[in-house]
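One structure is given here, and the rest of the page talks about it.
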Protein chains: 2
Amino acid sequence: MSGPSRAPTLADVATAAGVSLSTASLAFSGNKPVSAATRERVVAAAAALGYSGPNPLARNLRQGRSGVVGIAVGQLSTAFRDPAALAMLDAISEVLGASGLGLLLMSDDDDHARLPLDAVIYDICGRETWAAYDDLVARDVPLVVVEGPAWPGATHIDIDHRSGSAALAAHLHDLGHRRVGTVTLAASHPQREREAGLREVFPEATVVGACDSDVAAAQALVTGWFARSGDATAIVCQSDVQAAGVVLEARRRGIRVPEDLSVAGFDGVATPWLDLELTTVVQPLAGKGRTTAEAALARIRGTAVDDVVLPVELRIGDSTGPA
Amino acid sequence: MSGPSRAPTLADVATAAGVSLSTASLAFSGNKPVSAATRERVVAAAAALGYSGPNPLARNLRQGRSGVVGIAVGQLSTAFRDPAALAMLDAISEVLGASGLGLLLMSDDDDHARLPLDAVIYDICGRETWAAYDDLVARDVPLVVVEGPAWPGATHIDIDHRSGSAALAAHLHDLGHRRVGTVTLAASHPQREREAGLREVFPEATVVGACDSDVAAAQALVTGWFARSGDATAIVCQSDVQAAGVVLEARRRGIRVPEDLSVAGFDGVATPWLDLELTTVVQPLAGKGRTTAEAALARIRGTAVDDVVLPVELRIGDSTGPA
DNA sequence: CGTTTCGATCGAATCGATTCGATGCTACCT
DNA sequence: AGGTAGCATCGAATCGATTCGATCGAAACG
């Protein structure tokens with residue numbers, strides 16, 4: 001009887017403890033009261049058999065939930081290079097974890113059709129990512145879309161891109177800037193909103209180009225712009241990381257910030273390796289993550305959830321100055 | 001019949017298609033040949049009923065696998081602040097994804113006992129993280145430990161911390177350095193190995209202090225050291241991110257790198273926002289991730305896996321120079 | 001023409017729990 | 001003493017598939 005026999009099941013434990021299967025289950029789950037004596041016998045039997053608790057797979061099937069929430073983030077390699085994304089992920093994980101749910105990373109290339117997910121969070125991500133969308137809808141998986149376009153059946157969490165961007169533009173206008181350039185992200189819902197906000201103040205703003213939220217990418221992008229014309233007194237970026245890239249590249253060319261050029265970011269993350277504080281639009285990253293996770297929790301419970309748009313706030317730093 | 005009745009099951013599809021449950025299952029899984037005509041009927045019936053494929057929870061129970069691999073990373077907020085960690089995560093995700101497995105983030109504070117995991121990867125992480133270890137062993141979950149201490153039953157993937165560190169130290173010694181300081185990580189297996197490597201060459205090296213792999217943390221750490229004594233001609237860090245912090249803080253104080261102070265890192269990640277190339281120990285981050293993921297896959301299959309120690313390589317940059 | 005082989009299909013067992021409804025018992029109330 | 005709660009326990013149904021072994025025909029072979 002010491003052979004490598006199969007792992008003990010709850011039924012084995014129940015038998016050993018001299019109780020019924022259902023009672024043993026109750027002893028573990030605590031879903032209904034069980035006398036202390038009985039629970040003790042069950043626990044003792046479990047310990048004796050080396051039973052390590054109810055099989056999660058079986059429980060999941062019975063309860064129809066997996067305890068796992070997916071988060072679609074496009075390409076992992078780029079998604080978390082920006083600390084803003086990390087801050088949000090952290091908050092999501094914290095809230096879900098507190099409810100005993102796990103967070104599963106869904107990369108674009110992977111096939112998640114075979115994974116049991118209780119809900120899926122779409123963090124801002126490219127077109128390709130939406131490929132799985134229809135499948136998830138068909139499977140009736142609750143969806144929470146962060147900073148994405150409106151999708152039927154999904155709960156949307158967003159920030160006020162447009163007015164944040166407009167407030168920043170107004171600040172630059174107040175400083176006397178008239179020729180403004182902007183570094184954009186790939187075409188996306190937030191990008192369009194932000195550009196609209198910018199153009200409320202500067203209809204003629206020039207697009208320097210688009211790149212990922214990455215220091216090196218931004219540097220590479222603006223190097224050509226600086227060389228060619230650089231005909232702008234201020235550059236508005238879509239993330240602090242991009243802005244940092246622009247500042248560094250400007251410095252490298254002897255362009256002083258903010259004396260010769262004002263640079264603004266977005267997000268409000270820490271950039272300790274810049275010796276100035278960026279003027280930026282601060283978004284509540286942790287709050288966004290918490291709100292997102294709570295929306296997912298509510299959807300899992302079956303509660304109706306309203307869409308949310310979180311406010312942002314202009315923070316004036318040392319990277320912008322008079323034109 | 002248009003009520004919000006329960007979702008259709010494979011049994012419903014089978015009935016509608018006029019085949020047995022088992023045949024319908026075969027039609028979807030392809031585990032055994034099914035005539036084209038039959039498959040077509042089943043697919044048609046599924047489409048008609050709005051059946052979205054076999055329930056993953058049920059399949060998981062039957063097959064005894066969940067298709068999910070956990071990765072324990074300590075605190076999310078700090079774990080991925082270093083691009084080295086991200087590079088590895090990316091590689092892991094890619095390999096697992098190619099096998100249809102999902103990657104679930106396990107933060108320290110969460111209780112993952114109720115989650116069905118096919119395997120768990122322990123990326124270098126603090127003591128607390130090991131709390132769940134015993135439970136996982138009891139549940140017979142295959143474990144892969146990356147850069148961690150030896151644990152019975154786990155597969156270990158590591159890099160050659162010691163000789164990498166020693167090679168770097170030798171390089172500094174060749175340059176004439178004799179008084180060397182080191183910025184360390186929290187006490188851990190790799191930290192101990194690296195310090196041992198350093199002391200092979202500089203037995204007397206002073207420990208400046210320990211901090212996370214984070215630019216701001218490193219800056220904060222060395223600022224006191226510089227103010228007090230700074231009695232060293234070279235500082236060896238345990239990550240490129242730390243090294244960047246040291247370089248930036250030195251600059252801020254007018255200390256030139258490498259003329260007045262040599263600084264070395266570890267990892268070999270890109271630091272585009274530094275205008276010099278760090279001397280560092282390059283470790284195969286993607287390779288480490290792939291190896292780790294493949295070890296996990298093998299363990300899931302039940303294959304025996306040998307521990308692996310990957311080689312590292314010294315890369316000499318512009319951040320070190322003659323003493 | 002009888003026999004073997006092989007592919008397609010089916011029925012039934014199985015994965016390991018949770019949970020509903022029923023039952024027995026004790027204790028309390030009048 | 002009779003009636004009624006209420007708690008602890010149990011048996012059986014259920015979650016939704018996968019998979020083993022058996023069956024049935026038709027094709028291939030001697």
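Residue numbers begin at 1 in each chain, while the letters A, B, ... track the order of the sequences.
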Could a donor-acceptor pair under 3.5 angstrom be found where the side chain of B:S20 meets the base of C:dG11? no

Of all of residues 27-44 of chain B, which get a heavy atom below 4.0 angstrom from DNA chain C, listed by number? B:K32, B:P33, B:V34, B:S35, B:T38

Starting at CG of A:L10 and ending at P of D:dC15, how long is that distance when rounded to a whole Å? 20 Å

Quickly work out the B:N55 CG to D:dT18 P distance and round it to whole Å. 9 Å

Between the two ends of the helix from C:dC1-D:dG30 to C:dT30-D:dA1, what is the bend in degrees, rounded to 10 degrees, where each end axis spans five pairs? 30°

Nearest 0.5 angstrom please: A:D123 CG to A:L89 CG, how far? 8.5 Å

For A:P116 versus A:V68, what's the shortest heavy-atom pair and its separation? O-CB, 4.1 Å

Under 3.5 Å donor-acceptor, A:R81 side chain and A:S77 backbone: yes

Categorize B:L57 for me: base, sugar-phosphate, or nothing, with a 4.0 angstrom heavy-atom threshold over every strand shown. nothing

Any side-chain N or O of B:S22 less than 4.0 Å from the OP1 or OP2 oxygen of C:dC10? no

Rounded off to whole Å, could you give me the CG-to-P distance for the B:D12 and D:dT14 pair? 14 Å

Spatial distance of atom CG (B:L61) from atom CZ (B:R59) [nearest 0.5 Å]: 12.0 Å

Could you verify whether a donor N or O on one side chain and an acceptor N or O on the other, from A:S20 and A:T23, lie under 3.5 Å apart? yes

Once you round it to whole Å, what is the distance between P of D:dT19 and CG of B:L21? 13 Å

For A:E147, run the side-chain hydrogen bond (donor to acceptor under 3.5 Å, both in side chains) check against A:H156, A:H189, A:K288 and tell me which one passes. A:K288

Kindly say if B:R59 contacts the phosphate of D:dT18, meaning a side-chain N or O under 4.0 Å from OP1 or OP2. yes

What is the separation between atom CZ on A:R65 and atom P on D:dG16, rounded to the nearest whole Å? 15 Å

Does a side-chain N or O of A:Q63 approach OP1 or OP2 of D:dT14 to a distance below 4.0 Å, or not? no

Would you mind reading off the distance between A:L26 atom CG and D:dC7 atom C1', rounded to a whole angstrom? 12 Å

B:L61 has a side chain; which of C:dT9, D:dT18, D:dG16 sits nearest to it? D:dG16

Which sits closer to the 5' end of DNA chain C, B:A58 or B:G18, going by the nucleotide each is nearest to? B:G18

Minimum heavy-atom separation for B:L310 and B:P284, please, with both atom names. CB-CG, 4.0 Å

Write down the distance between CG (B:N60) and C1' (C:dG16), rounded to a whole number of angstrom. 13 Å

Any salt bridge linking B:D12 with B:R6? Criterion: basic side-chain nitrogen under 4.0 Å from a carboxylate oxygen. yes

Do you see a donor-acceptor pair shorter than 3.5 Å between the side chains of B:T38 and B:S35? yes

Exercise: do B:S66 and B:D118 side chains pair donor with acceptor under 3.5 Å: yes

Between C:dG16 (P) and B:R62 (CZ): distance, integer Å: 9 Å

If the cut-off is 4.0 Å, is A:Y51 near the phosphate of C:dG16, judged by side-chain N/O to OP1 or OP2? no

C:dT18 OP1/OP2 closer than 4.0 Å to side-chain N/O of A:S25: yes

